[in-house]
Colleague: 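Input: one structure, supplied below.
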Amino acid sequence: MKTKFEIEYPITSSPQLLYQYISTPSGLTEWFADNVNSRGEFFTFIWGDSEEKAKLVTLKTDEKVKFRWLEEDDEESEYYFELRIVLDELTKDVVLMVTDFAESDEIKDQTQLWDNQIADLKKVLGSA
């Protein structure tokens, strides 16, 4: 049983630009995976020799994307990851909220992995 966790990352970017990097195969390839392919709502994430498939279940322009991981038989698993853009109306600060799942003893490692990937995203956006 995996545990759900959330992490907040302040990002210096417009929600519109950030959205392009979290919602498109080309944008995700720039920071999230070595390569990302899509066929409609189905995305394939490739890291080296490893390949994971996910279904895009939520797509809200300039706000959020949610991918549900697929099992080997292409059945949807209960696990997903969500990237949500939160804009503070007063300060105009942008925060990227990451929701993911990991085994209890792997949350620290998974958080570090996200930290590294978001650092790459910030570099691509020029907000590092």
Colleague: Does the side chain of Ser104 pick up a donor-acceptor pair with the side chain of Thr3 at under 3.5 Å?
Modeller: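 Short answer, yes.
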Colleague: So Lys4 and Tyr80, side chain to side chain contact (heavy atoms under 4.5 Å, CB included) or not? Walk me through it.
Modeller: CA-CA 9 Å; Lys4 179 178 169 182; Tyr80 63 88; 3.5 Å; yes
Colleague: Can you tell me how far apart CZ (Arg84) and CD (Glu8) are? Round to the nearest 0.5 Å.
Modeller: 8.5 Å
Colleague: With rounding to the nearest 0.5 angstrom, report the OH to NZ distance, Tyr9 to Lys122.
Modeller: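 The distance works out to 8.5 Å.
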Colleague: Keeping the roles fixed (side chain from Thr44, backbone from Lys53), state whether a donor-acceptor pair exists under 3.5 Å.
Modeller: no
Colleague: Hey, is the main chain of Phe81 close enough, under 3.5 Å, to the side chain of Asp100 for a donor-acceptor pair?
Modeller: no
Colleague: What is the distance from atom CG of Leu113 to atom CD1 of Ile118, rounded to the nearest 0.5 Å?
Modeller: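 Nearest 0.5 Å value for the CG-CD1 distance: 10.0 Å.
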Colleague: Does Val65 offer a backbone N or O that forms a donor-acceptor pair with the side chain of Thr58 under 3.5 Å?
Modeller: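 Judged by distance alone, no pair lies under 3.5 Å.
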Colleague: May I ask you to list the residues sharing a hydrophobic cluster with Leu90, side-chain cutoff 4.5 Å, ordered by chain and number?
Modeller: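 Result for Leu90 is none, singleton.
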Colleague: Are the aromatic ring centres of Phe5 and Phe101 under 6.0 angstrom apart?
Modeller: no
Colleague: Is there a side chain to side chain contact (heavy atoms under 4.5 Å, CB included) between Phe32 and Ile22? Walk through the geometry before answering.
Modeller: CA-CA 9 Å; Phe32 184 70; Ile22 67 170; over 6 Å; no
Colleague: Salt bridge check, Glu103 against Lys2: does any charged N sit closer than 4.0 Å to a carboxylate O?
Modeller: no
Colleague: Which residue, Lys64, Lys60, Arg68, forms the salt bridge (charged side-chain N to carboxylate O under 4.0 Å, His left out) with Glu82?
Modeller: Lys64
Colleague: Within the side chain of Ser38, is there an N or O that forms a donor-acceptor pair under 3.5 Å with the backbone of Gly40?
Modeller: no
